[in-house]
There are 2 protein chains.
Amino acid sequence: MKKVIKKKPKSRGSLADIRKDNLYQILTSAEQVFAERGYRGTTVAAIAEAVGLPKANILYYFKTKEGLYKAVINQLLKLWMSHMNEMSADSHPNEALPKYISNKIRQSKEHPNASRIFAAEVLHGAHYLRDSLQAELKDQFDQTCQVFDAWVEKEWMDPINSEHLLFMLWSTTQAYADHGLQISILMGKEHLDEDDFEKGIKLLTQVTLKGCGIKPL
Amino acid sequence: MKKVIKKKPKSRGSLADIRKDNLYQILTSAEQVFAERGYRGTTVAAIAEAVGLPKANILYYFKTKEGLYKAVINQLLKLWMSHMNEMSADSHPNEALPKYISNKIRQSKEHPNASRIFAAEVLHGAHYLRDSLQAELKDQFDQTCQVFDAWVEKEWMDPINSEHLLFMLWSTTQAYADHGLQISILMGKEHLDEDDFEKGIKLLTQVTLKGCGIKPL
DNA sequence: GTCTATAAGCTGATAGAC
DNA sequence: GTCTATCAGCTTATAGAC
């Protein structure tokens, strides 16, 4: 409830270093708190406490709560899209798809907050993300669908609906972040462990490859 | 911004009827608003406006905002679980699985708000749903996993991890509610139409059945 | 750059007239 | 049962001393 520790590690640092360091720490803590409580449920005071700075200091670096939130989600979209362009028309699906599934699930493990904030955004109308979705993400989406269609054309996989296949890949892999709590509760665990993520990767790869008629390596 | 219409259709109704009718309308409108804005983003005033009643009237029927929210999510869990017990050990997967997938996606179409509120709950810690998840849902989950294992035992499907298969079914079918906005944006549409849901059902059924090695009918 | 104190506005909840 | 008026508390954001 109360700030326990106020840290002042400003030794050695120039002003620019302090600024950079503070910005980084604020963004990191804000990501955490926004993911846990959602935009409206998050108070600037809670972020300040997580960082270990007074409230006014947060608003010194980011003029408004909304500005801080936008800064956070702009980082996230890049991260979220980062593995998609690894799938290209000349890569073979029996290699590219397992790699994509594995990368996305590992991302759900390493950066669950990115996925969660993103999911909450979409769930509640994507007010701050709509433009980015229509621009950057739509581009990536169309390109990846064309890759799938090319794979079908070459008879490397069964005729499938490329758009819905991509929706399937997204929802199944993100589930390990967005529904991670539900999954761990149903498995009777406190947290998902490495073994759970590996089993998820294995099942999704198995079902997806065989389900799309892709011959294994 | 302002209440446009104040409706008073209390003609003919007894007091009990009025009460029942108001309770129903409040719960319905509240579900809508909670789904759109989340728990913290929802104000009692917004619900009141949606129903067409003064704010104090909402709080007359439901003592607190939290109480109203709990009433809403308790309805949802029942709805959310409603199709799972249609899969039994003696039903054959080539019939039961397509039916389940179809039912769940149709539910995402007919009752997207149920799925969205549920998703937001889990996303932000399941504070109001945790007990129900550990009790009722866990029971259903374990039973359904046993059904899957029985199917594997009878060699009606490939050896698969039953737990993660169920997570896959949930996330893919719910996506048409939870990520519906994202999907429609990427497809360049205002809303998903019947054709989109049918294509989703077709792809998921195709990939899941073949991916699990289930012989078609 | 840092931080305390405070202003300004919103929100859940209640009192009390009808 | 219905509804207006209002209170008490919280939250964002700013002013201004250091």
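Labels below follow one simple rule: chain letters A, B, ... track the order of the sequence lines, proteins then strands, and each chain is numbered from 1. Hydrogens, waters and symmetry mates are skipped; everything else that's a heavy atom, side chains included, is used.
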- N/O (side chain, A:Asn22) to phosphate O (OP1/OP2, C:dT2) under 4.0 Å: yes
- Item | Between C:dT2 (P) and A:Asp21 (CG): distance, integer Å | 10 Å
- Task: Could you tell me the separation between the CD atom of A:Glu66 and the P atom of D:dT11, rounded to a whole number of Å?
- Result: 18 Å
- Message: Measure CD1/B:Ile47 against P/C:dC10 and give the value in whole Å, please.
- Response: 19 Å
- Does B:Lys65 make a cation-pi contact with B:Phe34 (under 6.0 Å, within 45 degrees of the axis)? no
- Any chance you could lay out the ring pair (Phe, Tyr, Trp, His ring centres under 6.0 Å) test for B:Tyr69 and B:His127, step after step, and finish with the verdict? CA-CA 12 Å; B:Tyr69 182 70; B:His127 295 295; over 10 Å; no
- Task: Among the candidates D:dG1, C:dT4, D:dT14, find the nucleotide nearest to the side-chain atoms of A:Lys63.
- Result: D:dT14
- Identify which nucleotide among C:dT11, C:dT4, C:dG12 has an atom closest to any side-chain atom of B:Lys65, counting heavy atoms from C-beta outward. C:dG12
- Item | Cation-pi, A:Tyr176 ring and A:Lys104 (6.0 angstrom, 45 degrees) | no
- Query: Starting at CZ of B:Arg37 and ending at C1' of C:dT11, how long is that distance when rounded to a whole Å?
  - Reply: 13 Å
- Query: Can you tell me how far P of D:dC18 sits from OH of A:Tyr60, to the nearest Å?
  - Reply: 19 Å
- Picking from C:dT2, C:dG12, D:dA13, the nucleotide nearest the side-chain atoms of A:Ile18 would be C:dT2
- Message: So that I can tick it off, tell me whether A:Glu198 and A:Lys202 are bridged by a salt bridge, with the cut-off set at under 4.0 angstrom between side-chain N and carboxylate O.
- Response: no
- Taking only the side-chain heavy atoms of A:Thr43 (C-beta and beyond), determine which of D:dG1, C:dT2, D:dT12 contains the nearest atom. D:dT12
- B:Leu59 has an atom CG; how far is it from atom P of C:dT14, in whole Å? 8 Å
- Would you classify B:Tyr61 as touching base, sugar-phosphate or nothing, given that sugar-phosphate means primed atoms plus P, OP1 and OP2, and contacts are heavy atoms under 4.0 Å? sugar-phosphate
- Query: Roughly how many Å is it from CZ in A:Phe62 to C1' in D:dT14, rounded to a whole number?
  - Reply: 18 Å
- Message: Can you identify which nucleotide, out of D:dT14, C:dA15, C:dG12, has its nearest atom closest to the B:Val44 side chain?
- Response: C:dG12
- Task: Please determine if a side-chain N or O atom of A:Lys55 lies less than 4.0 Å away from the OP1 or OP2 oxygen of D:dT11.
- Result: no
- Query: With distance as the sole test, does A:Thr173 use its side chain to make a donor-acceptor pair with the main-chain N or O of A:Leu169 at under 3.5 Å?
  - Reply: yes
- Starting at CZ of A:Arg40 and ending at C1' of D:dT12, how long is that distance when rounded to a whole Å? 12 Å
- Task: Counting heavy atoms from C-beta on, name the nucleotide in D:dT4, C:dC3, C:dT14 closest to the side chain of A:Asn57.
- Result: C:dC3
